[in-house]
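One structure below.
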Amino acid sequence: MLQFLIRRLTGAVVIMFLIGAFTFFLFYTIPQDFAALSCGKNCSPENLAVIRENLGLDKPITTQFWTFMLGIVAGRDFAQGHCAAPCLGMSFDSGDFVWESIVDRFPLTLSLTVGGLVIFLVLGLGSGMLAAWKRGTKVDKFVSGASMVLSSFQIYFLGAIVLGVMVYSTGWMENPSYTPFTENPLAWATGLLIPWAVMATIFTAQYTRMARSTMIEQLQEEHVRTARAKGMPQKYVFFRYAWRGSLTPIVTIIGMDLSALLAGAVVTEKTFDLAGIGRLAVDASMSKDLPLTMGVMLFGAFFILILNVIVDLAYAYIDPRVRLA
């Protein structure tokens with residue numbers, strides 16, 4: 001298992017370096033004067049020259065790239081002060097260090113993701129297993145029909161309806177907001193309850209359909225039929241053999257959804273006016289804040305790679321044959 005982990009982590013480091021290089025040259029080869037973007041309107045030639053020197057834009061592109069990559073692991077010095085590792089540069093718009101801006105927004109995105117994930121995994125996998133257990137019955141038909149209808153909704157549509165009914169029309173609930181968990185756990189939960197409910201409704205339907213289909217497929221496998229033929233209890237066969245075999249495709253989707261949500265749930269945060277990583281990425285793109293945009297991209301890529309490694313480890317645990325691949 002240790003060798004398997006080392007191989008995956010080594011590959012992730014190499015891919016992260018390539019993503020960083022591609023992202024850097026993609027942005028910094030754009031025919032645009034980054035010093036002018038940072039200086040703003042009515043910028044004097046003297047200030048422009050100073051900013052260009054402070055940002056290192058007067059140096060060759062290869063030197064800029066090396067300075068940028070070295071700053072990620074060892075920090076970097078700016079005229080405003082030292083940027084500790086991992087340094088992703090300085091925002092053109094606010095003048096703040098990119099990493100500090102990301103860290104400031106990440107707790108909201110993490111809270112939004114973890115809360116929604118727990119709800120839709122418990123409901124989705126549970127209802128999918130129930131539908132597979134009761135295959136062909138009214139329970140199965142109801143769960144399958146409801147999941148098919150709910151999975152067709154989008155967050156921006158269902159979120160607007162829930163906000164209109166629960167907040168603006170009836171006043172039963174307040175607008176979604178974020179309070180740090182360490183300050184007030186109850187306010188943290190109630191402030192994110194509506195986004196969690198909307199996310200859970202849509203994602204639960206998707207996981208219900210997937211859990212049902214994979215469970216039914218596993219129940220038709222030869223080793224499951226053999227276990228039944230040996231007289232093993234139905235519940236034991238269901239959970240010991242079929243359930244474990246059905247986890248592989250589900251783990252794949254969980255890893256993809258979780259990485260996408262942690263990298264920045266743009267639609268969710270925009271729908272509920274929450275200032276997380278997704279909202280930060282949108283604002284950075286709108287203001288042409290290239291260092292901040294690039295930093296959010298690298299941050300998202302990091303999470304995608306890390307969660308892919310975790311998914312591979314989960315594969316290796318579920319199916320030991322994967323370790324030899």
Side-chain angles (χ1 to χ4, degrees), residues 9-10 12-30 32-111 178 180 182-183 262-264 275-306:
L9 289 177
T10 302
V13 171
V14 174
I15 294 174
M16 195 66 201
F17 175 81
L18 295 176
I19 292 175
F22 175 78
T23 304
F24 178 87
F25 287 106
L26 176 66
F27 279 101
Y28 280 84
T29 54
I30 296 175
Q32 181 68 263
D33 190 348
F34 298 114
L37 289 176
S38 179
C39 190
K41 297 180 180 180
N42 303 321
C43 184
S44 65
E46 293 78 11
N47 290 337
L48 194 63
V50 171
I51 291 175
R52 185 174 286 110
E53 182 180 357
N54 291 338
L55 294 177
L57 299 175
D58 56 337
K59 299 176 182 178
I61 187 68
T62 53
T63 304
Q64 296 182 46
F65 171 70
W66 173 251
T67 302
F68 174 77
M69 297 301 293
L70 188 63
I72 296 178
V73 296
R76 185 178 173 186
D77 290 322
F78 290 91
Q80 290 80 355
H82 179 72
C83 177
C87 180
L88 298 174
M90 187 178 64
S91 169
F92 288 163
D93 188 45
S94 64
D96 297 330
F97 294 130
V98 170
W99 178 250
E100 294 179 358
S101 299
I102 293 175
V103 170
D104 184 61
R105 299 289 190 94
F106 182 62
L108 189 153
T109 301
L110 180 63
S111 299
Y178 174 69
T182 54
E183 292 183 7
L262 285 174
I277 296 295
R279 183 69 175 273
L280 182 66
V282 173
D283 294 342
S285 300
M286 296 295 292
S287 62
K288 298 182 180 179
D289 194 340
L290 298 184
L292 187 55
T293 304
M294 185 166 62
V296 173
M297 287 182 60
L298 292 176
F299 183 77
F302 170 78
F303 263 107
I304 292 173
L305 288 175
I306 290 299

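For the single chain, residues carry numbers from 1 onward in sequence order.
With sequence neighbours excluded, the residues satisfying side-chain hydrogen bond (donor to acceptor under 3.5 Å, both in side chains) with S111 are W188. Residues satisfying the side chain to side chain contact (heavy atoms under 4.5 Å, CB included) test with P107, not counting sequence neighbours, are Y178. Applying the ring pair (Phe, Tyr, Trp, His ring centres under 6.0 Å) criterion to F17, with sequence neighbours excluded, gives no partner residue. Judged as a side chain to side chain contact (heavy atoms under 4.5 Å, CB included), and not counting sequence neighbours, the contacts of L110 are F106, V114, L262. D283 is linked by a salt bridge (charged side-chain N to carboxylate O under 4.0 Å, His left out) to R279, counting only residues two or more places apart in sequence or in another chain.
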List the atom pairs, with distances to 0.1 Å, where a side-chain N or O of residues 289-301 and a protein N or O form a donor-acceptor pair under 3.5 Å, not counting sequence neighbours.
from : atom 1 : to   : atom 2 : distance (Å)
D289 : OD1    : F92  : N      : 3.0
D289 : OD2    : S91  : OG     : 2.4
D289 : OD2    : D93  : N      : 3.3
T293 : OG1    : D289 : O      : 2.9

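Nearest heavy atoms, Q64 versus K59: NE2-O, 2.8 Å. What you find for L305 and A12 is that their closest heavy atoms are CD1-O, 3.6 Å. Scanning both residues, C87 and G75, for their nearest heavy atoms gives CB-CA, 4.3 Å.
For the atom pair L108 CG and L280 CG, the distance stands at 11.5 Å (nearest 0.5 Å). Going from atom OG1 of T23 over to atom CE of M16 covers 7.5 Å, rounded to the nearest 0.5 Å. Distance check, rounded to the nearest 0.5 Å: CZ of F24 to CH2 of W66 gives 13.0 Å. Interatomic distance, OG1 of T63 versus CG of L70, reported as 12.0 Å (0.5 Å rounding). Annotation: the span from I72 atom CD1 to W99 atom CH2 amounts to 10.0 Å, rounded to 0.5 Å.
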